[in-house]
Amino acid sequence: MAVRPELTPTEAADRLALRELFDAYAHCADRRDAEGQKALFTDDTVFAVYMDGDGSEPNYVLHGRDALTPVFDDLNRYEATTHFNGQSTVTIDGDRATGESYTIAHHVFTEDDARMIMVASLRYLDDFAKIDGRWYFAERKLILDWSETRSMATPATASSA
């Protein structure tokens, strides 16, 4: 691994702000805050989803912040979601940046009276824009690397002693 030169205060602040952007996206998803999630994107954003993995054609591509509403509202079909953000890398060039981040997403739902969980390994390839001192997603590619759906065990009930 290459030795990184000392970060400038500006670069450190930008890196922190970009990490907070990743985390705000996951937080808004789990809280079903579609408006908050949309506010993390530029007005002219591009959002592409690749459900068949890297190297496939996108299942859909949305243009503009307002086009994101149905995608983020779709999370309401789940009883609960939890997104765990993992490693991320960013390259900053002035008011533009690129990055890659990893997320493990858990989606809980009921199907045929059975409680189910879908776990997905997601990667995001991002282009960022810093506008008026704040970072936004300018382009976001969501890539599904793998997923698994299984039945959840019924939670054990507390025993009386």
Side-chain angles (χ1 to χ4, degrees), residues 13-152:
D14 285 340
R15 289 183 175 283
L16 177 60
L18 289 166
R19 181 59 198 206
E20 288 176 343
L21 184 63
F22 292 135
D23 292 342
Y25 178 89
H27 177 79
C28 287
D30 291 337
R31 299 286 64 85
R32 306 301 186 273
D33 181 3
E35 291 303 312
Q37 204 168 13
K38 285 172 29 181
L40 304 173
F41 289 80
T42 60
D43 289 335
D44 62 346
T45 195
V46 176
F47 187 89
V49 176
Y50 296 79
M51 295 301 288
D52 298 320
D54 207 7
S56 66
E57 291 296 316
N59 292 75
Y60 57 89
V61 179
L62 303 172
H63 297 272
R65 181 185 287 160
D66 290 335
L68 302 175
T69 300
V71 173
F72 299 152
D73 279 344
D74 188 53
L75 289 172
N76 290 314
R77 66 186 171 121
Y78 297 106
E79 296 163 25
T81 60
T82 303
H83 292 75
F84 289 103
N85 288 336
Q87 71 272 25
S88 61
T89 58
V90 295
T91 302
I92 300 169
D93 184 11
D95 288 344
R96 304 295 292 183
T98 58
E100 179 178 30
S101 61
Y102 290 75
T103 299
I104 298 291
H106 301 75
H107 299 77
V108 176
F109 60 98
T110 300
E111 183 176 86
D112 299 327
D113 295 325
R115 191 155 183 180
M116 307 291 289
I117 187 166
M118 187 269 289
V119 180
S121 175
L122 306 173
R123 269 185 311 118
Y124 295 96
L125 303 178
D126 295 307
D127 290 335
F128 305 97
K130 189 176 186 181
I131 302 168
D132 295 328
R134 183 172 169 206
W135 286 100
Y136 296 89
F137 294 108
E139 182 174 345
R140 181 152 245 219
K141 295 177 182 173
L142 183 159
I143 300 167
L144 174 67
D145 283 330
W146 59 262
S147 69
E148 175 188 19
T149 301
R150 63 181 180 269
S151 177
M152 291 179 69

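- By the 4.5 Å heavy-atom criterion applied to side chains, Thr81 and Arg32 are counted as neighbours.
- Two residues are said to be in side-chain contact when any heavy atoms from C-beta on lie closer than 4.5 Å; Leu40 and Trp135 fail this criterion.
- One distance of note links CD1 of Ile143 with OH of Tyr102; it measures 9.0 Å at 0.5 Å rounding.
- You'll find the side chain of His27 stays beyond 4.5 Å of the side chain of Asp33, heavy atoms only.
- Between the side chains of Asp127 and Thr98, no donor-acceptor pair is found at a separation under 3.5 Å.
- The two residues Ala129 and Thr42 make their nearest non-hydrogen contact at CB-CG2, 4.2 Å.
- Inter-residue side-chain proximity for Phe84 and His106 is flagged as met; some heavy-atom pair is nearer than 4.5 Å.
- Here the CZ atom belonging to Arg140 is positioned 7.0 Å from the CG atom belonging to Leu21, to the nearest 0.5 angstrom.
- Nearest heavy-atom pair across Ala48 and Val61 is CB-CG2, 4.0 Å.
- The structure places OG1 of Thr45 at 7.5 Å from CD of Glu139, a figure rounded to the nearest 0.5 Å.
- In this structure the side chain of Arg15 reaches within 4.5 angstrom of the side chain of Ile92, judged on heavy atoms.
- The aromatic ring centroids of Tyr124 and Tyr25 lie less than 6.0 Å from each other.
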Requested in this report: Please assess Asp52 against Glu57 for the test side-chain contact (heavy atoms from CB on, under 4.5 Å), listing each intermediate value before the final yes or no.
Outcome: CA-CA 8 Å; Asp52 298 320; Glu57 291 296 316; over 6 Å; no
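- In this structure, His107 and His83 have side chains that are in contact, with non-hydrogen atoms separated by less than 4.5 Å.
- Two residues are said to be in side-chain contact when any heavy atoms from C-beta on lie closer than 4.5 Å; Thr110 and Glu79 meet this criterion.
- Of all non-hydrogen atoms in Ala67 and Leu62, the two that sit nearest each other are O-CD1, 3.5 Å.
- Atoms CG and CG, from Leu125 and Leu142 in turn, are 9.5 Å apart once rounded to the nearest 0.5 Å.
- When all heavy atoms of Met51 and Leu144 are compared, the closest pair comes out as O-CD2, 3.4 Å.
- Annotation for Asp74: atom CG counts as buried by contact number, over 12 foreign heavy atoms lying within 6.0 Å.
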Practice item. Any chance you could lay out the side-chain contact (heavy atoms from CB on, under 4.5 Å) test for Thr149 and Met116, step after step, and finish with the verdict? Key: CA-CA 7 Å; Thr149 301; Met116 307 291 289; 3.9 Å; yes
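- Once rounded to the nearest 0.5 Å, the distance linking CD of Glu148 with CE of Met118 reads 11.0 Å.
- At least one side-chain heavy atom of Arg123 sits under 4.5 Å from a side-chain heavy atom of Asp54.
- Between Ala34 and Phe72, the shortest heavy-atom contact is CB-CB, 3.8 Å.
- Using modelled atom types and a 3.5 Å distance limit, the side chains of Ser88 and Arg19 yield a donor-acceptor pair.
- Nearest heavy atoms, Asn85 versus Phe22: ND2-O, 3.4 Å.
- One distance of note links NZ of Lys141 with CD of Glu100; it measures 11.5 Å at 0.5 Å rounding.
- No close placement of the Phe128 and Tyr136 rings is indicated, their centers lying 6.0 Å or farther apart.
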